[in-house]
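Order of the sequence lines fixes the chain letters, A, B, ..., with proteins taken first and strands second; residue numbering starts at 1 for each chain. Note that the structure is predicted; figures quoted are calculated from it, not measured.
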Number of protein chains: 2
Amino acid sequence: MHEIAVTLLMRTLSDPTRRAVFERLSREGELTVGVLTRGAGVSQPAVSQHLAALKIAGLVRERREGRRAHYRAEPAGLAPLLDWFAHYSTFWPERFDQLEALLKDMD
Amino acid sequence: MHEIAVTLLMRTLSDPTRRAVFERLSREGELTVGVLTRGAGVSQPAVSQHLAALKIAGLVRERREGRRAHYRAEPAGLAPLLDWFAHYSTFWPERFDQLEALLKDMD
DNA sequence: CCATTTCATAAGTCATGACTTATGAATGAG
DNA sequence: CTCATTCATAAGTCATGACTTATGAAATGG
């Protein structure tokens, strides 16, 4: 099915530093490269490279404003991963029941 | 939270060959290394190495029977990944509503 | 026993990936 | 214009990872 997309997403999110960038964008909204670099624990080029990888995977969107580049999370890019999960949840009903309960609590 | 476990799971499942082994075990149940090797597209040692990686990640269990090693999927090992997903579903309600509906259909 | 089957491990190769420093392009400020 | 800021890209290093062939251990069958 979406094997290639799943592979790309898994590989992109498997790096802790890169995943932390994505998680921070998810939590804090739109951020510039400079702001993301402060607290990332790696150099600015490293952050730019992680953002490029996230962009290729469809997990992030860029908005240029003058010399600043603003990035924001694109959670819709997780769709293939969620589909993969839903497919294999057939073999794991109990755990998904918990998720269902969790989702109801969020309403 | 379970960052380390999430990283390990993502990294383990990011390889298409290894993920295919896990998916096949999920679909077909318990299989021996020899059976898994037929159709894996790689050598028997490669399959053994993938199984070892899946075992370390908690995605697979081994049962020795004479000289045969039977492996089966351990879907409970996906728990940290599911938790990660549930956490970031806060920013993505529509999509998870679909999953919720899908889960209800399975009841 | 002896040979065969089944699997795991060792060792080496090759590609990929995550990081660094260096640098340049583009914009903004004075 | 000049200089600083902001970011991306280039180039090189180093570790990791996926695969191979070779081999050995353990169990089975004749």
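- Here A/Ser43 does not reach the OP1 or OP2 of C/dT21: none of its side-chain N or O atoms lies under 4.0 Å away.
- Distance check: B/Met10 CE to B/Leu8 CG gives 11.5 Å after rounding to the nearest 0.5 Å.
- To the nearest angstrom, P of D/dA18 lies 13 Å from CG of B/Leu51.
- Atom-to-atom, CG of A/Asp15 to P of D/dT16 comes out at 13 Å; the value is rounded to the nearest Å.
- Rounding to the nearest 0.5 Å gives a distance of 11.5 Å between NZ of A/Lys55 and CD of A/Glu74.
- The interatomic distance linking B/Leu13 (CG) with D/dA18 (P) rounds to 11 Å, in whole Å.
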Inset, instruction - Evaluate the criterion side chain to side chain donor-acceptor pair (under 3.5 Å) for residue pair B/His70 and B/Glu65; output intermediate values, then yes/no. - result: CA-CA 7 Å; B/His70 299 256; B/Glu65 186 178 356; 3.1 Å; yes
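- Between B/Arg27 and B/Glu23 there is no salt bridge, since no side-chain nitrogen of the basic residue lies less than 4.0 Å from a carboxylate oxygen of the acidic one.
- Closest to the A/Ala46 side chain, of the nucleotides C/dG17, C/dA8, C/dC19, is C/dC19.
- For the atom pair CG of B/Leu81 and CG of A/Leu81, the computed distance is 8.0 Å after rounding to the nearest 0.5 Å.
- Of the side-chain N and O atoms in A/Ser48, none sit less than 4.0 angstrom from OP1 or OP2 of D/dC7.
- Distances shown here put every side-chain N or O of A/Thr32 at or beyond 4.0 Å from the OP1 or OP2 atom of D/dT6.
- As rounded to whole Å, 15 Å separates atom C1' of D/dA18 from atom CZ of B/Arg19.
- Between the CD atom of B/Gln44 and the P atom of D/dA18 there is a distance of 17 Å, rounded to whole Å.
- A distance of 5.5 Å separates CG in B/Leu82 from CZ in A/Phe85, rounded to the nearest 0.5 Å.
- Residues from residues 54-72 of chain A that place a heavy atom under 4.0 Å from any atom of DNA chain C, listed by number: A/Gly66, A/Arg67.
- In this structure, B/Gln49 atom CD and C/dA8 atom P are separated by 10 Å, rounded to whole Å.
- Atom CZ of B/Arg11 is separated from atom P of C/dA18 by 11 Å (rounded to the nearest Å).
- Note that CZ of B/Arg19 and OG of B/Ser14 are 8.0 Å apart. Values are rounded to the nearest 0.5 Å.
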